[in-house]
Q: 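Before anything else, here's the structure in question.
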Amino acid sequence: PEDDAATVNWGSEWRMPTRAEQDELREGCIWVWTDNFNGTGIAGSIGTSKSNGNVIFLPAAGCRGYGYIKDVNSFGRYWPSTLSIGNSSYAYELGCHSGRVGRCLSYRYYGESVRAVTKK
């Protein structure tokens, strides 16, 4: 729990999703890119559940690396709690760009977004 950004920041009822949960989200939704989510000017991917029609928005918040923030409004990157097998310097992020949502291997020292889930 002390290494889980969601738990540390929001309390014990929250946690970072696992890689398997992110894969389930990625595969279980139809994804559409927007440059202006609900008139906010924020770009990102809108996922609509194939099973129940629920909607989730993943903002293209970019990431922080090498001392600066990059890719804002063009790429969303979301950390799972699961590390890469064989090298804990990496994790498989959930990434969204131009309507495509996939998994990418990324250095853990990048500052990336966390889309927390509740334990309830």
Q: How many angstroms lie between CH2 in W79 and OG in S113, if you round to the nearest 0.5 Å?
A: 10.5 Å
Q: Find out if a path of hydrophobic residues (ILVMFWY) with successive side-chain heavy-atom gaps under 4.5 Å connects W31 to F75.
A: no
Q: My understanding is that only one of L58, D71, L94 makes a side-chain contact (heavy atoms from CB on, under 4.5 Å) with R77; could you say which?
A: D71
Q: Looking only at heavy atoms, which two atoms of S88 and L83 are closest? And how far apart?
A: CB-CD1, 3.8 Å
Q: With distance as the sole test, does S84 use its side chain to make a donor-acceptor pair with the main-chain N or O of Y90 at under 3.5 Å?
A: no
Q: Using every non-hydrogen atom in the two residues, find where N73 and G41 come nearest and quote the distance to one decimal.
A: ND2-O, 3.9 Å
Q: Check whether any side-chain heavy atom of P80 lies under 4.5 Å from a side-chain heavy atom of T18, and answer yes or no.
A: no
Q: Measuring from I46:CD1 to I30:CD1, what's the distance to the nearest 0.5 Å?
A: 12.5 Å
Q: Between V114 and A5, which heavy-atom pair has the shortest distance, and what is it?
A: CG2-CB, 4.1 Å
Q: Suppose the criterion is salt bridge (charged side-chain N to carboxylate O under 4.0 Å, His left out): which pairs have a residue in residues 53-70, not counting sequence neighbours?
A: none
Q: According to a 4.5 Å side-chain heavy-atom criterion applied to Ile, Leu, Val, Met, Phe, Trp and Tyr, with indirect links allowed, do L105 and Y66 form part of one hydrophobic cluster?
A: yes
Q: Please walk me through it: do Y109 and S89 pass side-chain contact (heavy atoms from CB on, under 4.5 Å)?
A: CA-CA 8 Å; Y109 61 78; S89 296; over 6 Å; no
Q: Tell me the closest heavy-atom pair linking C96 and S45, and the distance in Å.
A: CB-OG, 3.2 Å
Q: If we ignore hydrogens and angles and just use 3.5 Å, is the side chain of T118 paired with the main-chain N or O of W14 as donor and acceptor?
A: no
Q: At what distance, to the nearest 0.5 angstrom, does OH of Y92 lie from CG of D23?
A: 11.0 Å
Q: Which value, rounded to the nearest 0.5 Å, describes the distance between W33 atom CH2 and H97 atom NE2?
A: 7.0 Å
Q: Rounded to the nearest 0.5 Å, what separates atom CD in E93 from atom CD in Q22?
A: 9.0 Å
Q: Is the cationic atom of R115 (NZ for Lys, CZ for Arg) positioned less than 6.0 Å from the six-membered ring centroid of Y78 and within 45 degrees of its normal?
A: no
Q: Over all heavy atoms of both residues, which pair between V72 and I69 is shortest? Give the atoms and the distance, please.
A: CG2-CG2, 3.5 Å
Q: Find the distance between CG (N38) and CZ (F57) and round it off to the nearest 0.5 Å.
A: 8.0 Å
Q: Step by step, work out the side-chain contact (heavy atoms from CB on, under 4.5 Å) result for S106 and E112.
A: CA-CA 10 Å; S106 188; E112 299 188 3; 3.1 Å; yes
